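One-based numbering, in listed order, for ligands and for the atoms of each. If you read the sequence from its start, that first residue is 1, and numbering goes on from there. Just so you know, these numbers come straight off a predicted model, no measurement behind them.
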Amino acid sequence: MCGIVGYIGQKQAYPILLEGLKRLEYRGYDSAGVALQQDHEGRLAVIKAKGRIADLEAMTAGRDLSGTLGIAHTRWATHGAPNDVNAHPHADMSGKLAVVHNGIIENWSALRQLLEQEGVKFRSETDTEVLAHLFARAYKGDLEKAVQEGLREVRGAYGIAVIHADRPDVLVAARNGSPLIIGVGEGEYIVASDASAIIEHTTNVIYLEDREMATLRRDGLRTSTVDAIPTHKEVQQVEWSLEQIEKKCYPHFMLKEIMEQAESLSDSMRGRLDAETGEVVLGGVRDVSKQLTHARRVILTACGTAWHAGLVGEYLFEDIARVQTEVDYASEFRYRNPIIDEGTIVIAISQSGETADTLAAVREAKLKGALCLGIVNVVGSTIARETDAGVYLHCGPEIGVASTKAFTSQLVVLIMTSMYLGRRRHLAPYHAREIIKGLQAVPDLVRHVLKLNDAIRDVAARYKDCPNWLYLGRGYNYPVALEGALKLKEISYVHAEGLPAAEMKHGPIALITEGMPVVFLANKGLQYDKVLSNMEEVRSRGGHIIAVATEGDKEVARLAKHVVSVPDVPEPFQPILNVVPLQLLAYHVAVMRGCAVDKPRNLAKSVTVE
Ligand code: F6R
């Protein structure tokens, strides 16, 4: 999704802005731009173009881009095609005021008409340009006031940064529904939509709340609501390091993040499991443990990959915590007028903590009086702050657009959370101890599965040109089938469908043709025999079975063309091991098809608009 960087300080802004944009590239974008306040001439230099940041860099080569105040943006088109004119920053008619914006201005069309009647000439098709003209109309020498006044007329979501050619001493930033963070340095501030653009410079940050704004000067900052009521902000620390957001020796972030899952899973468990007592220590939910103990119903809500984790969570909460559990797409939950009674706990799962639908689901659940927990990776993100309590993933920054290590950490956190509830309800300590011991062994087993990378690459080479794939699994592995199919389609643009294996007979079996790749999750477990029958059905219709199976399984080897053997673990842990080969399979197919693995077309890392 769009990225914002802004700088005010003593240093040259342009290299800092450009570096920041590069750090945000992973979020997905189609155009980029920068506006600089050029002290010596009292004007703004605005350069923007469709394409990659490298194209912008090439365009600016040799130009005078000096200046210590500027804003920059990577755009992901919503209103108006991706082109040079629609790229941000957008300026007012005088060219003196420039704004970059993430989010969507809902009443932009009405505002545009109004401004046009007043004689404003629009250049772009964007909703954002409305902001530039509104602020310019209200500007009487005080940029902060102009932004405040302009925002009063605006309905919708925004994270913005604004500068004015006549005010070389001020950068104004504001947010409503779209994240904005301020990095606090010595005599300088960096505004960004994401901490990864800041941590190279400082780990001291301030998170803006909805309808809050900041006026940044080199000698200090002032924050207030957009209605001009002063607010007080604490400087907080970002946990992530620069090293964590770099690719190291890997060709893609996605591969790096797949390969570091043994470590990220250990990080998610660290300090939270006691194998001696069978206790799970989750500091973030301690204050609400009584309500958790008496929960009568759990609703897990999320989008995309996080929703798949929620589907596994449904099995876990019913098996381990023995509490009635449902899973809902956040986008459906928020508009469905869900019934929430006393005793309902809503758990939102989100890597970024900024997904618009998941955040809206949290707000809807809170409005209806539910206790809301967050299972979130990004510390300080909006969902993390707005939920009543929660458990962080602690799996480190996930930069690849396709979610991988966050998914496996979500599974581990869901296991731990279901045990936390279970121990307070019916789960005996000896049983909890067994689960904990099993869970603690998982990172090493994942390390073992990762060694199958070369064999999985060979399978990818064999099927990379196939246009249709099916992924099938049952029970705990049904969500893994969905996740495997999602990984393949989102990064390799190959059509894939994931299904509970039993559903195949109710229609999708008609799709199976000679040589079609059908991926089965076929580990030993409760429904193993049923899965074998499904495999027979596929084989007899000429489908080529690629099976993830328990080590040493001869029956599966007889039916499948290719077997990826994984260690034998209890069913609740199988999704963690099983998804790893499917992530690698999708990765290799995408690479072999020449796809931009870390920046798949049309996709954004964090979907902060509906
Ligand atoms: C798929 C993927 C998306 C996200 C979804 C939710 O690989 O990354 O489906 O899982 O957009 O994002 P978060 O977890 O940030 O709420």
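Below 4.0 Å from some heavy atom of A306 lie the following atoms of ligand 1, by number and element: 10 (O), 14 (O). Residue Q351 approaches ligand 1 through these ligand atoms, each under 4.0 Å from one of its heavy atoms: 13 (P), 14 (O), 15 (O), 16 (O). In summary, the atoms of ligand 1 found under 4.0 Å from a heavy atom of A402, numbered by their order in the structure, are 7 (O). Close contacts between ligand 1 and S352 involve ligand atoms 13 (P), 15 (O), 16 (O) [criterion: under 4.0 Å to a heavy atom]. Heavy-atom proximity to K487, at under 4.0 Å, picks out these atoms of ligand 1: 1 (C), 7 (O).
Ion pair E212/K233 flagged as a salt bridge, since at least one NZ, NE, NH1 or NH2 atom sits closer than 4.0 Å to an Asp/Glu carboxylate oxygen.
Relative to the ring axis of Y329, R336 does not place its NZ or CZ within 45° and under 6.0 Å from the centre.
On a distance-only criterion, V401 and ligand 1 share at least one N/O pair closer than 3.5 Å. Among the atoms of T358, none of the N or O lies under 3.5 angstrom from an N or O of ligand 1.
Judged as a ring-ring contact (aromatic ring centres under 6.0 Å, His included), not a single pair has a partner in residues 483-503 (not counting sequence neighbours).
When the heavy-atom distances from atom 2 (C) of ligand 1 to T305, T355, T404 are ranked, the shortest goes to T305. Summarising the contacts of atom 7 (O) of ligand 1 with Q410, Q583, E490, the nearest heavy atom is found in E490.
Not less than 6.0 angstrom separates the ring centroid of H308 from the ring centroid of F407.
Using modelled atom types, one finds a donor on one side chain and an acceptor on the other under 3.5 Å when comparing H562 with Y463.
With sequence neighbours excluded, no residue forms a ring pair (Phe, Tyr, Trp, His ring centres under 6.0 Å) with H588.
Looking at L488 and W469, their side chains come closer than 4.5 Å, going by heavy atoms from C-beta outward.
Atom 11 (O) of ligand 1 has as its closest protein heavy atom V607 CG2, 4.1 Å. The single protein non-hydrogen atom nearest to atom 6 (C) of ligand 1 is C303 O, 3.3 Å, given as residue, atom name and distance.
Remark: side-chain polar atoms of K405 are not paired, donor with acceptor, to backbone N or O of M259 under 3.5 angstrom.
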